[in-house]
Novice: 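Structure in structure tokens, see below.
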Amino acid sequence: MGKKSFERPERLQFTDTGYATETLGVRAGQYRSEEGEHSDAIYATSSFVYTSAQEAAATFGGDIEGNVYSRFTNPTVQAFERRIAAMEGGERAIATSSGMAAILSLCLSLMKQGDHVVCSRSVFGSTVSLFEKYISRTGIETSFVDPKDLDAWRSAVRPNTRMFFMETPSNPLAEVTNIRAVSAIAQAAKAKLVVDNCFLTPALQKPLSLGADIVMHSATKYLDGQGRVVGGVVVGSDTDMEEVFGFVRTAGTCLSPFNAWLFQKGLETLSLRMRAHSDAALQLAQWLEQQPQVERVYYSGLSSHPQHELAASQQSGFGGVLSFEVKSSDADLKAAAWRCIDATQMISITGNLGDVKTTLTHPATTTHGRMSAEARAAAGIRDNLIRVSVGLENLEDIKADLQLGLNAL
Ligand SMILES: *Cc1c(COP(=O)(O)O)cnc(C)c1O
């Protein structure tokens with residue numbers, strides 16, 4: 001027998017155009033081998049082999065398409081990347097080992113020493129640390145602004161500003177940032193707007209269609225949706241993603257094939273889950289507003305939320321995360337929140353969110369515990385605040401469990 005052809009066999013490929021997000025979540029980007037598997041294979045391999053030295057040289061040289069090494073490309077990882085890119089409406093996606101690795105890879109591939117970032121002050125805690133403590137060492141400075149204040153975004157711009165970074169709705173207070181308006185300011189400043197779309201996912205919000213240049217995710221949360229693995233992804237133009245790809249393949253902030261496979265399976269049920277999480281969260285938020293032991297509920301789906309209309313204008317749902325402040329006659333607000341949390345029986349006490357299991361978090365002493373008391377106060381995170389990531393258990397069971405907590409106040 002002669003040597004195999006250099007040509008890769010035709011794959012059954014789904015073309016992504018003209019389909020709705022639910023369909024893309026199930027079908028887009030699948031890689032099917034000659035075996036014809038219906039589900040996606042996991043390519044658990046570090047490297048790839050060739051039928052000749054010539055083919056190896058041509059593949060390494062980029063003259064023909066093909067995989068070389070899984071730090072560079074891997075079919076399972078690429079299948080996940082194609083699927084999330086299609087769902088976000090972006091040209092290309094690059095998967096990373098975590099959400100934080102996604103932000104690091106973006107910053108180090110798209111900026112250089114002397115550049116400047118304008119960042120919402122209501123972003124994930126590790127994002128603030130990454131900019132302040134580590135990205136700063138490369139000579140890239142970050143200014144933090146109140147994301148609701150458009151003048152603050154505008155006046156933070158410097159001649160060397162290259163990136164705007166935001167997250168909406170924010171964690172844990174559900175502050176909503178106007179993506180269209182901030183994107184116009186970024187564009188005027190010739191800076192790229194990056195939106196962390198972790199809380200809503202493309203099932204409920206598509207920042208690229210609202211003017212953002214790049215979307216990133218902690219895939220750890222809703223993209224997986226079942227609390228199994230850590231990972232991240234960035235989505236944007238071919239030009240920007242080629243830069244990010246260059247960094248990821250060199251620095252090794254890449255995603256493993258096994259984790260990519262789990263995320264790909266997660267995307268298949270994403271739209272369905274996000275709708276169910278959102279429906280339950282809205283009903284739970286409305287119920288909590290009625291409870292005498294609750295002082296205030298933060299959820300962008302409530303008509304009482306000060307930015308409800310803005311949220312409705314850029315989101316097709318409000319997501320599964322809400323938070324509430326408990327009332328207490330006790331001067332010790334933390335003790336009251338802890339009593340409420342500890343009296344529940346079913347709900348998980350954990351820092352994670354975006355899981356099928358409902359979770360409860362006391363932000364002041366966990367996710368936001370490393371901030372100074374003054375910084376927490378400035379951010380509006382009080383000691384009586386409790387965050388709920390509403391899962392997919394029966395809503396009446398979730399309410400009954402929270403009722404145990406409220407009864408303990
Ligand atoms: C969890 C999270 C991150 C960080 O992602 P990891 O996967 O934990 O690295 C970034 N942004 C938001 C909004 C998050 O919730």
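Numbering of residues begins at 1 and proceeds along the displayed sequence. Read the numbers this way: they start at 1 and go in the same order the structure lists the ligands and their atoms. Just so it is clear, the model here is predicted, and its values are computed rather than measured.
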Novice: Considering both backbone and side-chain atoms of Ser218, is one of its nitrogen or oxygen atoms within less than 3.5 Å of a nitrogen or oxygen in ligand 1?
Specialist: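 So ligand 1 has an N or O lying under 3.5 Å from an N or O of Ser218.
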Novice: Show the atoms of ligand 1 that are less than 4.0 angstrom away from any heavy atom in Gly231.
Specialist: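 So the answer, numbered in order with elements, is 7 (O).
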Novice: Salt bridge or not between Arg92 and Glu81? Use side-chain N to carboxylate O under 4.0 Å.
Specialist: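 The answer is no: the pair does not qualify as a salt bridge.
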Novice: Give the residue and atom name of whichever protein heavy atom lies nearest to atom 2 (C) of ligand 1, and the separation in Å to one decimal.
Specialist: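 Heavy-atom neighbour on the protein nearest atom 2 (C) of ligand 1: Lys221 NZ, 2.5 Å.
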Novice: Does the N or O separation between Asn171 and ligand 1 drop below 3.5 Å for any pair?
Specialist: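 No; every N/O pair is 3.5 Å or more apart.
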Novice: Starting from atom 7 (O) of ligand 1, which protein heavy atom do you reach first, and at what distance in Å?
Specialist: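 The closest heavy atom on the protein side is Thr220 OG1, 2.6 Å.
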Novice: Verify the distance criterion only: is there a donor paired with an acceptor across the side chains of Thr253 and Ser105 at less than 3.5 Å?
Specialist: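 Yes, a side-chain donor-acceptor pair sits under 3.5 Å.
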Novice: Which atoms of ligand 1 have any heavy atom of Phe199 under 4.0 Å away?
Specialist: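 Near Phe199, the atoms of ligand 1 are 13 (C), 15 (O).
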Novice: Number the atoms of ligand 1 from 1 as they appear, then name those within less than 4.0 Å of a heavy atom of Ser98, with their elements.
Specialist: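 Those qualifying, in numeric order: 7 (O), 9 (O).
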Novice: Using distance alone, with no hydrogens and no angle criterion, decide if Thr220 and Ser218 have a side-chain donor and acceptor under 3.5 Å apart.
Specialist: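 Yes, a side-chain donor-acceptor pair sits under 3.5 Å.
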Novice: Got an N/O contact under 3.5 Å between Met100 and ligand 1?
Specialist: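 In this structure, Met100 places an N or O atom under 3.5 Å from an N or O of ligand 1.
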Novice: Between Ile103 and ligand 1, does any nitrogen or oxygen pair lie at a separation below 3.5 Å?
Specialist: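 Ile103 vs ligand 1: no N/O contact under 3.5 Å.
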Novice: Are Thr361 and Arg387 linked by a side-chain donor-acceptor pair shorter than 3.5 Å?
Specialist: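 Side-chain D/A pair, Thr361 to Arg387: present.
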Novice: Only counting residues at least two apart or in another chain, list the ones meeting ring pair (Phe, Tyr, Trp, His ring centres under 6.0 Å) with Phe199.
Specialist: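 In terms of ring pair (Phe, Tyr, Trp, His ring centres under 6.0 Å), with neighbours along the sequence ignored, Phe199 is linked to no residue.
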Novice: Does the pair Lys334/Asp332 count as a salt bridge with the N-to-O cut at 4.0 Å?
Specialist: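 Here Lys334 does not pair with Asp332 in a salt bridge, since their nearest N and O are not under 4.0 Å apart.
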Novice: Please determine if Arg275 and Glu22 form a salt bridge, counting it only when a charged side-chain N lies under 4.0 Å from a carboxylate O.
Specialist: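 Yes.
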Novice: Specify the protein heavy atom at minimum distance from atom 11 (N) of ligand 1: its residue, its atom name, and the distance to 0.1 Å.
Specialist: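 Result for atom 11 (N) of ligand 1: Asp196 OD2, 2.6 Å.
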Novice: Considering heavy atoms of the protein only, find what lies nearest to atom 4 (C) of ligand 1 and give residue, atom and distance to 0.1 Å.
Specialist: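 Looking at atom 4 (C) of ligand 1, the protein heavy atom closest to it is Phe124 CE2, 3.4 Å.
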